[in-house]
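For reference, the structure discussed in these notes is given below.
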Amino acid sequence: PTEPPSPQEHGLDFQQLLDASAYKEIFRQDMIRWGEEKRHTDPGFFCRAAVEGALQPVWVVSDTRRLSDVEWFRDAYGDVVQTVRVVASEETRKRRNWVFVTGVDDTESECGLDRGVAFDWVITNDGDKVALGEQLEMLVQSLLRSL
């Protein structure tokens with residue numbers, strides 16, 4: 001069997017993988033499988049890659065997908081870790097062209113943090129720019145106070 005694609009290892013168009021394009025969907029299940037194989041052999045693989053070379057006093061590590069990711073950061077950095085969950089209603093997500101795909105959107109890579117994590121912050125992003133800005137400002141001010 002061939003190894004599932006990763007952008008760096010398989011020459012994929014990284015920019016097209018960042019959006020919700022059909023290009024990404026062609027490789028999505030293979031990317032998930034590849035990621036699972038990496039995590040199985042080394043649970044901290046992606047977490048270490050996220051912080052490699054980071055020197056700033058505040059880091060934003062976006063798109064963690066699993067409880068093991070959150071646990072890795074908490075184990076490595078303790079009480080300074082702040083977890084933030086961004087949520088949007090299903091209606092909002094559909095307006096943004098999201099379509100549920102069985103076997104993809106119901107897997108750990110998409111819903112692994114739906115249970116078992118007490119988030120420090122929950123930010124709602126349903127399209128109200130003012131409300132989103134107010135929530136983000138509260139988060140930023142809290143971070144600044146903790147420096």
Side-chain angles (χ1 to χ4, degrees), residues 3-21 23-25 27-93 96-98 100-147:
E3 183 178 329
S6 73
Q8 292 175 335
E9 293 176 18
H10 297 277
L12 299 178
D13 185 326
F14 183 70
Q15 288 303 313
Q16 286 192 57
L17 293 174
L18 293 177
D19 61 27
S21 67
Y23 181 88
K24 177 181 175 180
E25 292 305 313
F27 298 106
R28 190 173 183 198
Q29 287 185 325
D30 286 340
M31 288 187 304
I32 291 168
R33 189 169 30 258
W34 175 83
E36 294 302 322
E37 289 172 6
K38 289 288 190 190
R39 279 182 188 82
H40 180 70
T41 58
D42 180 2
F45 177 82
F46 294 105
C47 297
R48 282 191 310 281
V51 300
E52 184 178 331
L55 302 174
Q56 295 77 15
V58 175
W59 311 337
V60 175
V61 180
S62 64
D63 211 18
T64 56
R65 300 291 184 114
R66 292 162 178 78
L67 182 57
S68 62
D69 294 340
V70 173
E71 290 170 343
W72 187 92
F73 281 101
R74 285 182 174 158
D75 289 347
Y77 299 104
D79 293 339
V80 299
V81 172
Q82 293 283 299
T83 55
V84 180
R85 180 166 184 133
V86 179
V87 298
S89 68
E90 190 169 326
E91 295 78 29
T92 297
R93 296 172 73 201
R96 294 174 178 158
N97 297 320
W98 172 77
F100 181 87
V101 176
T102 302
V104 173
D105 292 309
D106 54 359
T107 63
E108 184 181 14
S109 70
E110 300 303 313
C111 53
L113 296 177
D114 288 352
R115 292 183 189 84
V117 178
F119 288 93
D120 299 301
W121 298 86
V122 177
I123 306 292
T124 301
N125 183 11
D126 273 328
D128 182 335
K129 291 180 182 182
V130 173
L132 178 61
E134 290 171 353
Q135 294 171 85
L136 293 175
E137 183 62 28
M138 287 175 34
L139 172 60
V140 168
Q141 290 305 317
S142 175
L143 293 173
L144 289 172
R145 285 191 299 273
S146 67
L147 292 178

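Not measured: the values here are computed from a predicted model.
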In Å and rounded to the nearest 0.5 Å, what is the CG to CZ distance from D69 to R39? 5.5 Å
Partner residues of E137 under the side chain to side chain contact (heavy atoms under 4.5 Å, CB included) criterion, sequence neighbours left out: Q141
Can you pull out every side-chain hydrogen bond (donor to acceptor under 3.5 Å, both in side chains) where at least one residue sits in residues 52-63? Sequence neighbours excluded, please. D63-R65
For L143 and S146, the nearest pair of non-hydrogen atoms, with its separation, is O-OG, 2.8 Å
Output the distance between atom CG (L132) and atom CG (L136), rounded to the nearest 0.5 Å. 4.5 Å
Minimum heavy-atom separation for G127 and R96, please, with both atom names. N-NH2, 3.5 Å
I'd like to know if the side chain of D126 and the backbone of S89 have a donor-acceptor N/O pair within less than 3.5 Å. yes
Nearest heavy atoms of D120 and T83, plus distance in Å: OD2-N, 2.7 Å
E108 CD to L113 CG distance, which is reported to the nearest 0.5 Å: 8.5 Å
Go through D114 and R85 one step at a time and tell me if the side chain to side chain contact (heavy atoms under 4.5 Å, CB included) criterion holds. CA-CA 10 Å; D114 288 352; R85 180 166 184 133; 2.6 Å; yes
Backbone of T124 reached by a side-chain donor or acceptor of Q135 within 3.5 Å: yes
Sidechain-backbone polar pair: D105 side chain, V101 backbone, donor-acceptor under 3.5 Å: yes
Nearest 0.5 Å, what's the CD-CZ distance between E91 and R93? 10.5 Å
Distance-minimising heavy-atom pair for M138 and W121: O-CH2, 3.8 Å
Partner set under side chain to side chain contact (heavy atoms under 4.5 Å, CB included) for F73, not counting sequence neighbours: C47, A50, V51, V61, T64, Y77, V81
Hey, could you give me the CG/CD distance between D106 and E110, rounded to the nearest 0.5 Å? 9.5 Å
For the NZ atom of K129 and the CD atom of E134, what is their distance to the nearest 0.5 Å? 14.5 Å
